[in-house]
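These numbers come from the heavy atoms of this one structure, side chains and all, not from hydrogens, waters or symmetry mates.
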Amino acid sequence: MDALDLARWQFGVTTVYHFLFVPLTIGLGIFVAGLQTAWHRTGKAHYLKLTKFFGKLFLINFAMGVVTGIVQEFQFGMNWSEYSTFVGDVFGAPLALEALLAFFMESTFLGLWIFGWERLPKRVHLACIWAAAIGSNVSAYFILAANAWMKHPVGYEVVDGKARMTDLWAVLTNSTALAQVPHVIGAAFVVAGGFVLAVSGYWLLRTRAPMWRSAARAALVMTAIAGAVVAGTGDHSARLMYEQQPMKLASAEGLEHDTAGAAFSVVPGLEIPRLLSFLSTHEPDAVVQGTEDLQSRFEQQFGPGDYRPDQQVVFWSFRVMIVFGLATVGLSLLGLWLTRRRRDFPRWLSRAMLLALPLPLLAVTAGWLLSEVGRQPWTVAGELLTASSVSPGVSLAAVATTLTVFTLLYGSLAVTEVVLLARHVRKGVEERAPEPAAERLEPSLMY
Amino acid sequence: MIDLWFVIIAFLWTGYFVLEGFDFGVGLLAPLVSRSPAERRQSLQTIGPVWDGNEVWLITAVGAMFAAFPAWYAGVFSSFYLPVALVLVGLIVRGVGLEWRGKVADPRWCDAGIVAGSAIPAFLWGAIFAGLLYDGLPAALLGGAFTLAVCVLHGAVFLALKTTGPVRRRARVAALAAAGVALPVAVAALSALGSIPALAATAALAAATALIWRRREGWAFAATAGAVVLTALSVFMELRLRPLPGLTLAEAASGPYTLTMLSWIGLIALPFVLAYQGWTYWVFRRRVAVAH
């Protein structure tokens with residue numbers, strides 16, 4: 001165990017943890033904005049109640065997304081100074097743009113939304129939640145463009161041992177990013193849809209109030225559409241992976257040798273003939289490269305070393321992602337069918353909807369493990385090894401300290417967040433009309 | 001182009017310290033100037049709508065350092081590893097404390113998090129920047145004491161400006177007390193820098209003290225904000241020559257292409273950011289009173 005291993009663990013722990021909250025922020029923000037729009041359009045009180053109810057859950061979660069995100073931005077410099085120095089010219093740009101073009105908008109307008117209920121004209125107040133929610137989605141685009149560049153670097157040249165950007169447009173329209181952005185944002189909407197489904201399912205088991213049916217129906221539609229986007233872009237990503245990241249594809253399938261008409265291994269021992277070749281290229285007889293043959297080719301190209309990622313993690317995370325992701329989408333399609341033309345939600349369906357909370361969270365976590373463990377041993381594919389990326393001056397003790405502190409802090413915050421969310425879900429919607437502004441105001445002498 | 005980007009980064013850090021400086025001060029002082037839960041809410045509500053947007057100045061400053069001066073970004077945060085990690089812990093507990101305190105049954109834990117999460121970064125940012133300029137622990141401690149004291153003063157003046165009733169009165173007393181500490185510390189810390197802006201910053205702190213004494217809260221706030229700007233200016237004037245031991249800006253900088261592209265986007269976007277953040281302060285321009 002050395003500083004490199006711990007730095008990797010720290011990145012893994014903090015990133016996976018961060019991304020438990022981010023998808024809810026991305027998807028639920030838009031959902032709340034949609035509810036408030038429905039209230040604005042129809043004037044129906046239950047839309048306002050739902051807006052406030054899900055708005056509160058959104059805010060409890062939003063805080064965690066923000067504070068865990070700050071760690072991410074500093075972590076590159078702290079633990080990965082060699083990486084940062086090598087890539088900053090290219091990789092730093094989307095990060096800076098993310099802060100400037102997305103985070104300012106998200107945070108500022110969310111503050112206006114939270115405190116502006118009585119202070120802003122209704123239309124302006126509605127625009128604030130949309131601006132905040134769009135800000136979250138724009139931020140996802142920039143950070144995914146940065147992430148995609150690590151796996152498929154474009155628009156740069158290496159000068160004096162550092163990457164130099166030559167084409168910002170190429171970085172921002174990287175084919176890998178364009179496939180990944182709808183895939184991840186779609187997944188975020190599946191997570192958020194699943195969250196609303198679980199909350200609505202809980203309430204449908206307790207009350208016949210029609211508002212929970214409308215919330216659940218809206219979430220079913222959102223989850224089903226987002227699920228279709230995730231599946232479609234997942235297929236597209238697989239074909240890009242075949243071209244750009246063959247080692248990851250081979251590892252995800254446990255394919256050791258270059259094979260024409262390669263079979264898709266469902267689980268070890270159960271294979272569907274030619275399906276892997278078909279999924280990778282849409283040609284059933286195409287050759288798919290295998291890990292061992294790629295390893296010897298990489299050794300020729302880059303010198304001695306092990307160029308295979310952790311086979312077990314990549315293989316199994318791929319399956320967890322697909323199974324749990326599809327299960328959530330299947331549940332939403334089933335729900336849509338069963339409740340067509342205003343039919344009632346069967347009790348067992350409401351109960352099953354509770355599963356829509358954990359399943360997509362497990363799927364996105366597995367998806368990130370596949371994506372980032374599958375990138376190893378590189379931080380920038382073909383250019384920089386993870387082992388050469390770590391901060392040389394940071395000691396094992398220092399990383400161990402921060403890893404321990406962050407893990408303990410994150411653990412206790414996770415418990416608190418779950419307790420808080422559960423309490424507010426159980427409390428339900430506020431049945432009384434919302435009270436007027438909590439504070440009295442008098443003019444400031446000067447501002 | 002390198003100089004332009006250094007100025008932009010200095011501007012972003014300065015904006016961060018001016019804005020989050022009073023957030024830290026308010027977070028620290030809220031328990032001291034409030035005698036009831038309602039007054040606590042009143043105190044914290046002065047920063048409620050804006051603190052998160054203020055914190056984005058830090059995210060943008062650090063993102064801009066990463067993009068424009070990668071080696072500087074990497075060097076600073078890997079060499080000040082533990083202080084930076086502690087800053088992050090502070091920002092985490094402060095952030096969740098502020099967001100969650102209205103949603104928990106007993107907000108005492110949130111309040112403790114807000115105080116600790118305001119005090120730790122307010123002190124450590126000063127210590128880190130002092131550590132960039134001077135060797136040795138005493139310099140870092142003095143820098144930390146300086147930023148902590150100035151944040152408390154800045155926050156106290158902001159509270160006096162933004163509240164009514166007893167909290168406003170107590171905030172003024174707190175500001176005078178903070179000034180009593182901040183002034184001598186500032187003389188010690190800023191005389192080490194010795195530049196004209198550093199001396200002007202000391203003068204601005206003295207002016208702020210006189211103004212808050214005379215209950216000119218708006219002008220006093222302008223003076224503490226001015227002191228923060230002038231201090232940041234004098235620090236970045238030094239950093240321009242030596243951003244990190246053994247590193248020059250030119251060596252740390254990204255290529256001209258990246259800097260040019262970022263300049264165009266930044267110079268177009270920044271006015272919009274300033275406009276809507278300014279608008280937020282306009283929307284919430286009124287004093288906050290106690291809610292019963």
Contacting region of [X] [heavy-atom separation from chain B under 4.5 Å]:
X: A:Phe142; value: neither
X: A:Val124; value: side chain
X: A:Val71; value: both
X: A:Glu82; value: neither
X: A:Phe76; value: both
X: A:Lys162; value: side chain
X: A:Val419; value: neither
X: A:Leu101; value: side chain

Heavy-atom closest contact ([X] atom, [Y] atom, distance):
X: A:Ala398; Y: B:Leu82; result: O-CD2, 4.3 Å
X: B:Thr258; Y: A:Met165; result: OG1-CB, 3.3 Å
X: A:Glu73; Y: B:Tyr73; result: O-OH, 2.5 Å
X: B:Phe284; Y: A:Leu112; result: CE1-CD2, 3.6 Å
X: A:Leu100; Y: B:Ala269; result: CD2-CB, 3.9 Å
X: B:Lys103; Y: A:His424; result: O-NE2, 3.0 Å

Please look at [X] and chain A and tell me whether the side chain, the backbone, both or neither of the residue comes under 4.5 angstrom of a heavy atom of that chain.
X: B:Ala253; result: backbone
X: B:Val87; result: neither
X: B:Leu262; result: side chain
X: B:Gln42; result: neither

Using a cut-off of under 4.5 Å for heavy-atom pairs, which of [options] has the most such pairs with chain B?
options: A:Ile60, A:Val66, A:Ile114, A:Leu95; value: A:Ile60
options: A:Asp167, A:Leu120, A:Asp160; value: A:Asp167
options: A:Val405, A:Leu110, A:Leu97, A:Thr401; value: A:Leu97
options: A:Leu59, A:Asn79, A:Val87, A:Thr68; value: A:Asn79

Pick whichever of [options] has the most heavy-atom pairs under 4.5 Å with chain A.
options: B:Ala68, B:Ser254, B:Ala252, B:Gly95; result: B:Ser254
options: B:Val76, B:Leu86, B:Leu270, B:Val84; result: B:Val84
options: B:Val104, B:Thr163, B:Leu91; result: B:Val104
options: B:Trp57, B:Phe80, B:Trp51, B:Phe272; result: B:Trp57
options: B:Gly48, B:Gly53, B:Pro70, B:Pro49; result: B:Pro49

pair [X]-[Y]: side-chain heavy atoms closer than 4.5 Å:
X: B:Ile92; Y: A:Tyr410; result: yes
X: B:Arg94; Y: A:Val67; result: no
X: B:Val93; Y: A:Leu409; result: yes
X: A:Phe115; Y: B:Gln45; result: yes

Chi angles and distances behind the side chain to side chain donor-acceptor pair (under 3.5 Å) call for B:Tyr81, A:Ser395:
CA-CA 10 Å; B:Tyr81 189 86; A:Ser395 67; over 6 Å; no
So, taking the atom named [atom1] in [X] and the one named [atom2] in [Y], what distance separates them when rounded to the nearest 0.5 Å?
X: A:Asn61; Y: B:Glu99; atom1: CG; atom2: CD; answer: 10.5 Å
X: A:Asp89; Y: B:Leu259; atom1: CG; atom2: CG; answer: 7.0 Å
X: B:Ile59; Y: A:Gln72; atom1: CD1; atom2: CD; answer: 11.0 Å
X: B:Leu274; Y: A:Phe104; atom1: CG; atom2: CZ; answer: 8.0 Å
X: B:Trp100; Y: A:Leu413; atom1: CH2; atom2: CG; answer: 5.0 Å
X: A:Gln75; Y: B:Phe77; atom1: CD; atom2: CZ; answer: 13.0 Å

Tell me if the CH2 atom of A:Trp130 is crowded by more than 12 foreign heavy atoms within 6.0 Å.
yes
Count the heavy atoms belonging to other residues, nucleotides or ligands that lie under 6.0 Å from CH2 of A:Trp9, then report whether that count exceeds 12.
no
Mind telling me whether A:Phe109 and B:Trp279 have parallel, tilted or perpendicular rings, with 30° and 60° as the class edges?
tilted
Would you check if the side chain of B:Tyr257 reaches a backbone N or O of A:Arg164 as a donor-acceptor pair within less than 3.5 Å?
no
Which is it for B:Trp72 and A:Thr85 under the side chain to side chain contact (heavy atoms under 4.5 Å, CB included) test, yes or no, and what are the steps along the way?
CA-CA 8 Å; B:Trp72 188 28; A:Thr85 309; over 6 Å; no
